[in-house]
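Working notes, beginning with the structure itself.
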Amino acid sequence: MPPSDTRGLRGASLPIGLMLAIAPAVAVLQFRAVALLTVLGFLAAVALHGWERRRLPGARGPGLLPWPRPAVLAPVLLPMGWLLASAAWSIEPGRAATTALTLGLYILLGAMAARAVAEQPPHRLRAVLRCLGWGLAAGIALALLDHASGNWLRAAVRGISPAEAPPNLPFGLKPAVSIIAVLLPLALCLPHAHPAVLPRALRWALLPAGLLTVLWLPAESAKIAVLAGLAAMAAAGCWAPGWRAPPVPCWPLPCWRRR
């Protein structure tokens, strides 16, 4: 895409932006749908990246696919190799091997989608960040509403009343809050993105509201997920070549400018 094209979501940024816009809300309403949603989003991002590359003069071969750098991918996939090897002495070797391969392929696909988005021009990255901001806002609002109403919202999605809900229904919010918590560190970017991608009040309120949600709702794993998100951001800042970090820990999308 030529630099003069300043349209928002295009190419690989389109499915990732849409995925981030709806994933937090989908996770609250029916968290089992998130796996399918992310796989479709990752596949679409990789496919659109290859389609755009194919239109460039002289593009062919492996360059059409956004393969992640081995230095980034190896620390994540090596444990998957150990899981696959450990299937040899597992009680259910077939199930253990299938789980390891599925998780490894999911990580590889996500890394390819991340590489595809990282190669997008700055105006597209701002559009992705805008989608993330609105998606987090929707997910946080729905999670707080559901918890405050005694899980009325999620019971209604399932076609039952709160009185008829199974005892484990409140615990269904745990995976949703964990997803919100993993994405929440990226909200640090919102007040410092130029030009602004969200209204001022929402930019500054998103992080405190998200932290309140993580602390208030019964999801211990979400508190660990916040640390995991911060660790991922720190790792991305250390390994991303050519980027200058802003004055806050917002390394994956740092101020939209290169050195």
Side-chain angles (χ1 to χ4, degrees), residues 15-42 76 99 102-103 106-107 109-110 113-114 128-191 198-199 201-233 249-250 252:
I16 297 300
L18 295 178
M19 181 187 74
L20 291 174
I22 64 175
V26 169
V28 172
L29 300 176
Q30 180 51 270
F31 70 89
R32 289 184 178 88
V34 173
L36 177 61
L37 174 65
T38 53
V39 169
L40 293 177
F42 293 159
V76 182
T99 301
T102 301
L103 186 57
Y106 183 82
I107 292 172
L109 184 60
V128 171
L129 191 58
R130 182 181 301 112
C131 290
L132 170 67
W134 285 113
L136 276 174
I140 290 169
L142 289 176
L144 291 174
L145 174 62
D146 182 72
H147 187 60
S149 63
N151 306 117
W152 171 85
L153 180 61
R154 294 172 58 250
V157 170
R158 289 155 178 78
I160 57 178
S161 67
E164 301 169 335
N168 62 347
L169 183 64
F171 298 101
L173 270 181
K174 288 187 175 184
V177 179
S178 295
I179 290 173
I180 292 172
V182 167
L183 295 174
L184 194 58
L186 289 175
L188 291 169
C189 299
L190 296 173
L198 290 174
L202 182 60
R203 293 199 309 270
W204 289 100
L206 199 55
L207 186 60
L211 290 175
L212 172 65
T213 304
V214 170
L215 295 174
W216 185 32
L217 271 65
E220 294 80 7
S221 58
K223 300 169 180 60
I224 302 174
V226 171
L227 299 178
L230 289 172
M233 294 182 69
C250 170

Could you list the residues that satisfy side-chain contact (heavy atoms from CB on, under 4.5 Å) with [X], not counting sequence neighbours?
X	answer
I179	A27, V34, L183
I107	L73, V76, L77, M80, L103
A114	none
V39	L43, Y106, L109

From [atom1] ([X]) to [atom2] ([Y]), nearest 0.5 Å:
X	Y	atom1	atom2	value
L29	L173	CG	CG	9.5 Å
N151	S161	CG	OG	12.0 Å
L132	M19	CG	CE	9.5 Å
T213	L144	OG1	CG	3.5 Å

Would you indicate whether the side-chain heavy atoms of L20 and W134 approach each other to under 4.5 Å?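 The answer is no, as the side chains (C-beta and beyond) never meet within the 4.5 Å cut-off.
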Any non-hydrogen side-chain atom of I160 less than 4.5 Å from a side-chain atom of P166?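 The answer is yes, as the side chains (C-beta and beyond) meet within the 4.5 Å cut-off.
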What's the shortest heavy-atom distance between [X] and [Y], and which atoms?
X	Y	result
G133	L206	O-CD2, 3.7 Å
G210	L184	C-CD2, 3.5 Å
A181	V214	CB-CG2, 3.9 Å

For a side chain to side chain contact (heavy atoms under 4.5 Å, CB included) check, start with the C-alpha distance between F42 and I16, then their side-chain angles and the critical distance, and finish with the verdict. CA-CA 7 Å; F42 293 159; I16 297 300; 4.0 Å; yes
Tell me the salt bridge (charged side-chain N to carboxylate O under 4.0 Å, His left out) pairs involving residues 141-169, sequence neighbours left out?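 As it turns out, the salt bridge (charged side-chain N to carboxylate O under 4.0 Å, His left out) pairs with a partner in residues 141-169, which skip direct neighbours, are D146-R154.
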With sequence neighbours excluded, give me every ring-ring contact (aromatic ring centres under 6.0 Å, His included) pair touching residues 136-169.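 For residues 136-169, and leaving out neighbouring residues, the ring-ring contact (aromatic ring centres under 6.0 Å, His included) pairs sorted by first residue read H147-W216.
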